[in-house]
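To start, the structure under review is shown below, and the notes come after it.
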Amino acid sequence: MKKYTWSVKILLPLLGVLLVAATYAGVPAIRGWWKERMVNTAQESTPDPVIKTPYTVEEAQILQELIAICGHMDSLHQFSVEGNIQASDPADSVNVLDTHFRYCRNGKAFYYRAGDNETIVLADASIAVNSSVKKIFLGPPKAILPALHMPADSILNIWKEDRYTITRSVAPPLVTINLVCENHVTCKQYRFIYNENTRLLNEVYLRLTDLNDPLNKEMDKPVKITYHHWEEGKVPGALFKKDHYVTVQGGSYVPSSLYRDYELLSTY
């Protein structure tokens, strides 16, 4: 299976960094794609006081529109969203992903499920559940980046030295923002589709370059995240309670009744 190394610059625009990471890490057919780089972004680049982009005024305005949409979603502190993630590799017919996901945010707490994997980050614990191997991993809370967070300086830094062609089209109520660079070394295309009435995403699409055959578009790896249902201001409360997953017996954590057949591995 061919390996594909993701970089921080590719992960950030996915608008589902943690969700996509959890999915790819947990699905055997796609593990070859998932080899995270330990990149210190502070060392990678130092933000300029004023970001200079190679774009026209119109293109810069489209980027600012994208920034505003991402900022709106990041301002939602309580919501649930469901959808589907599809990915494939023309060089390997087995390396295919097609899975449903669910992502919920409740303030600073997060829940996401994709395939057999659930990941929960609470104020006092981090929990991972895998139904295929029937294991629960319990650990201390972790500081993580919210999955819909994509600040303005990140977007501009991503593209300030990469000359993508930026276009915008409207088919009410959907707006499509498309960025294409056919000779880009890692990602030749980003496409964002959002609802202009709700200001929420309907779809994110990426066309990743095959590093073994970079000039051959037929070998590009497509990744599509489709958002089917958004619900603002409401989340399933049980998903954000630690005792939904584990309880205390005799001074030690054990799986809850819902996960009685699971093995608990704890570093708590």
Side-chain angles (χ1 to χ4, degrees), residues 1 4 6 11 14-36 78-89 92-148 204 223-231 234-250 252-268:
M1 183 178 294
Y4 195 92
W6 297 71
L11 291 175
L14 283 177
L15 302 179
V17 175
L18 301 177
L19 172 64
V20 174
T23 303
Y24 287 161
V27 179
I30 225 75
R31 282 175 183 160
W33 287 22
W34 182 259
K35 184 181 178 184
E36 184 179 11
Q78 190 177 63
F79 68 88
S80 298
V81 61
E82 296 186 44
N84 196 69
I85 302 176
Q86 295 176 303
S88 61
D89 182 355
D92 185 350
S93 61
V94 178
N95 199 14
V96 175
L97 175 67
D98 187 350
T99 189
H100 177 267
F101 73 83
R102 185 183 193 185
Y103 179 83
C104 306
R105 178 179 180 181
N106 189 24
K108 294 183 178 180
F110 302 89
Y111 169 91
Y112 37 98
R113 177 169 188 161
D116 297 328
N117 298 281
E118 294 176 89
T119 303
I120 307 93
V121 178
L122 306 174
D124 60 344
S126 294
I127 303 168
V129 180
N130 187 294
S131 61
S132 63
V133 297
K134 292 188 177 299
K135 293 184 185 295
I136 300 177
F137 301 88
L138 174 66
K142 298 180 180 180
I144 60 173
L145 183 70
L148 294 180
V204 175
V223 178
K224 184 170 73 171
I225 306 173
T226 306
Y227 302 86
H228 299 309
H229 177 69
W230 289 87
E231 188 170 11
K234 183 180 180 181
V235 295
L239 297 180
F240 293 93
K241 295 180 179 179
K242 187 165 60 176
D243 59 10
H244 179 79
Y245 310 95
V246 296
T247 58
V248 177
Q249 289 184 7
S252 300
Y253 283 106
V254 297
S256 70
S257 60
L258 291 173
Y259 298 93
R260 63 174 63 90
D261 297 330
Y262 284 61
E263 178 187 2
L264 176 63
L265 304 174
S266 177
T267 59
Y268 204 87

Query raised in the report: Which is it for Ile120 and Leu239 under the side-chain contact (heavy atoms from CB on, under 4.5 Å) test, yes or no, and what are the steps along the way?
Result: CA-CA 8 Å; Ile120 307 93; Leu239 297 180; over 6 Å; no
Atom pair [atom1]/[atom2] of [X] and [Y] - distance to nearest 0.5 Å:
X      : Y      : atom1 : atom2 : value
Ser256 : Tyr262 : OG    : OH    : 10.0 Å
Arg102 : Ser80  : CZ    : OG    : 5.5 Å
Ile127 : Thr119 : CD1   : OG1   : 10.0 Å
Leu97  : Lys224 : CG    : NZ    : 12.5 Å
His244 : Tyr259 : NE2   : OH    : 4.0 Å

Report task. Going by the ring-ring contact (aromatic ring centres under 6.0 Å, His included) test, name the single residue among Trp230, Tyr227, Tyr111 that passes it with Phe79. Result ->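 Answer after filtering Trp230, Tyr227, Tyr111: Trp230.
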Query - side-chain hydrogen bond (donor to acceptor under 3.5 Å, both in side chains), paired with His100, selected from Arg113, Glu82, His228 - result: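 Of all the options given, the one that passes is Glu82.
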Quick check: closest heavy atoms across [X] and [Y], and the distance to 0.1 Å?
X      : Y      : value
Pro140 : Thr267 : CD-OG1, 3.7 Å
Pro236 : Cys104 : CD-SG, 4.1 Å
Asp124 : Lys242 : OD2-NZ, 3.2 Å

Report task. Decide whether Asn130 and Asn117 meet the rule of one side-chain donor and one side-chain acceptor closer than 3.5 Å. Result ->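 Yes, because at least one side-chain N or O of Asn130 sits under 3.5 Å from a partner of the opposite role on Asn117.
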